[in-house]
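Notes follow once the structure below has been shown.
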There are 2 protein chains.
Amino acid sequence: MKEQNIPICTEQKIHPCEIERAGQHMPAEEDLFSLAELFKVFGDSTRVRILSLLCDTELCVCDIAACLGMNLSAISHQLRVLKQAKLVRFRKEGKTVYYSLADAHVEHILAQGLDHVRE
Amino acid sequence: MKEQNIPICTEQKIHPCEIERAGQHMPAEEDLFSLAELFKVFGDSTRVRILSLLCDTELCVCDIAACLGMNLSAISHQLRVLKQAKLVRFRKEGKTVYYSLADAHVEHILAQGLDHVRE
DNA sequence: TGAATACTTGAACAGTTGTTCAACTATTGA
DNA sequence: TCAATAGTTGAACAACTGTTCAAGTATTCA
């Protein structure tokens, strides 16, 4: 807490001691990038609604579209985003594709966010 | 769990039973909207980097800009977004403004996200 | 085989977002 | 009072995003 003037930043710093503290706990730059990418996926109300629907059950694309009152194509596009982010899994059965949450983590992140939103 | 055909959706549903299960656990529409808004704020790497910097310490705008190698104005704009979302607090001391995390929730959400990102 | 169903995909469009630049306010200290 | 410092703000612009439409695939069933 008293080590001063260690140049971890490229520009002139006003409070070197505090900056050093801050720097010590920083995750790797690439982790922070992935973190932002993850939250970006959660940061759309259509996708959040899809994820909420999939808590505790699996649904086909048709059902999701019906529940959200949206067009099949829009849902399919968003499911692709969720799939790429590994937030949902799918299973094919004949013509229909069933989607479900990828793991419990997804539900936890939603719940934690809801806690904050509801104060 | 066997109650079927209850019309909670406006369109024709393929699997009414599963749809009913999904519907029962859905948070209020407005909470889901706020939730997406919250994650949207976390969904930018500049903002995530600022929040990470502010874990365990407070920093002035100048310091944050120096640490991230970015222009003062860009940081100020993003701090405004974080302020509006109540993710950061600030304290004025003479000419300088010190920012810090609003509460422990913010750190928890970041940590939970990092867990998922690192698998 | 051929029609119907369930979904996916790509192009196009409007709307949104993040950064920069320049100009501004507020506080300090000479 | 004047210059310097720390930060905020608004306009502008390019880049990105979500939805729609139209056309595509894959599977089923008659």
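Values in this document were obtained by computation on a predicted structure and should not be read as measured data. Computation of the quantities below employed the complete heavy-atom set of this structure, encompassing side-chain atoms and omitting hydrogens, waters and symmetry-equivalent molecules. Note on naming: letters A, B, ... go to the chains in the order of the sequence lines (proteins, then strands), and numbering restarts at 1 for each one.
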> Rounded to the nearest Å, what distance is computed from the NZ atom of residue Lys40(B) to the P atom of nucleotide dG15(C)?
Replying inline: 15 Å

> Within the structure, does a side-chain N or O atom of Asn71(B) lie under 4.0 Å from either OP1 or OP2 of dT20(C)?
Replying inline: yes

>> Without decimals, in angstroms, what is the distance between Leu72(A) CG and dA23(D) P?
In response: 17 Å

>> Distance check, rounded to the nearest 0.5 Å: Leu59(A) atom CG versus Leu54(A) atom CG?
In response: 5.5 Å

Under 3.5 Å, which N/O atoms of the protein pair with N/O atoms of nucleotides 22-28 of chain C?
none

> Considering residues at least two apart in sequence or located in another chain, which fulfil the side-chain contact (heavy atoms from CB on, under 4.5 Å) criterion with Ala102(B)?
Replying inline: Arg89(B)

> Does anything in residues 109-119 of chain B pair up under salt bridge (Lys or Arg N to Asp or Glu O under 4.0 Å), and if so which pairs, sequence neighbours excluded?
Replying inline: Asp31(A)-Arg118(B)

> Mind checking what makes side-chain hydrogen bond (donor to acceptor under 3.5 Å, both in side chains) contact with Glu37(B), not counting sequence neighbours?
Replying inline: Lys40(B)

> Once you build an axis from the first five pairs and another from the last five of the helix from dT1(C)-dA30(D) to dA30(C)-dT1(D), how far apart in angle are they, to 10 degrees?
Replying inline: 10°

>> From CZ of Phe39(B) over to C1' of dG18(D), roughly how many Å is that when rounded to an integer?
In response: 19 Å

> Yes or no on side-chain contact (heavy atoms from CB on, under 4.5 Å) for Val97(A) and Cys60(A), after CA distance, side-chain angles and deciding distance?
Replying inline: CA-CA 5 Å; Val97(A) 183; Cys60(A) 66; over 6 Å; no

>> If the condition is ring pair (Phe, Tyr, Trp, His ring centres under 6.0 Å), which residues does Phe39(B) pass it with, not counting sequence neighbours?
In response: Phe39(A), Phe42(A)

>> To the nearest 0.5 Å, what is the distance between CD on Glu58(A) and OH on Tyr99(A)?
In response: 12.0 Å

Listing, residues 64-77 of chain B side-chain donor-acceptor contacts under 3.5 Å, not counting sequence neighbours, or none:
residue, atom, partner, partner atom, Å
Asn71(B), OD1, Ser73(B), N, 2.8

> What residues in residues 75-85 of chain B put a non-hydrogen atom under 4.0 Å from any atom of DNA chain C?
Replying inline: His77(B), Gln78(B)

>> Tell me which pairs pass salt bridge (Lys or Arg N to Asp or Glu O under 4.0 Å) where either residue lies in residues 92-109 of chain B, with sequence neighbours left out.
In response: Arg91(B)-Glu93(B)

>> Can you pull out the residues from residues 42-55 of chain B that lie within a 4.0 Å heavy-atom distance of DNA chain D?
In response: none

>> Taking any heavy-atom pair under 4.0 Å as a contact, classify Tyr99(B): base, sugar-phosphate, or nothing.
In response: sugar-phosphate

>> Let me confirm one number: the CG-CG distance from Leu82(A) to Asp44(A), rounded to the nearest 0.5 Å.
In response: 9.0 Å

>> For Leu53(B) versus Met26(A), what's the shortest heavy-atom pair and its separation?
In response: N-SD, 3.5 Å

> Who passes side-chain hydrogen bond (donor to acceptor under 3.5 Å, both in side chains) against Glu29(B), sequence neighbours left out?
Replying inline: Arg49(A)

> Whole Å only: how far is the CD atom of Glu37(A) from the C1' atom of dT17(D)?
Replying inline: 13 Å

>> Holding to side-chain hydrogen bond (donor to acceptor under 3.5 Å, both in side chains), I want the full list of residues that pass it with Thr57(A), two or more places apart in sequence or in another chain.
In response: Glu18(B)

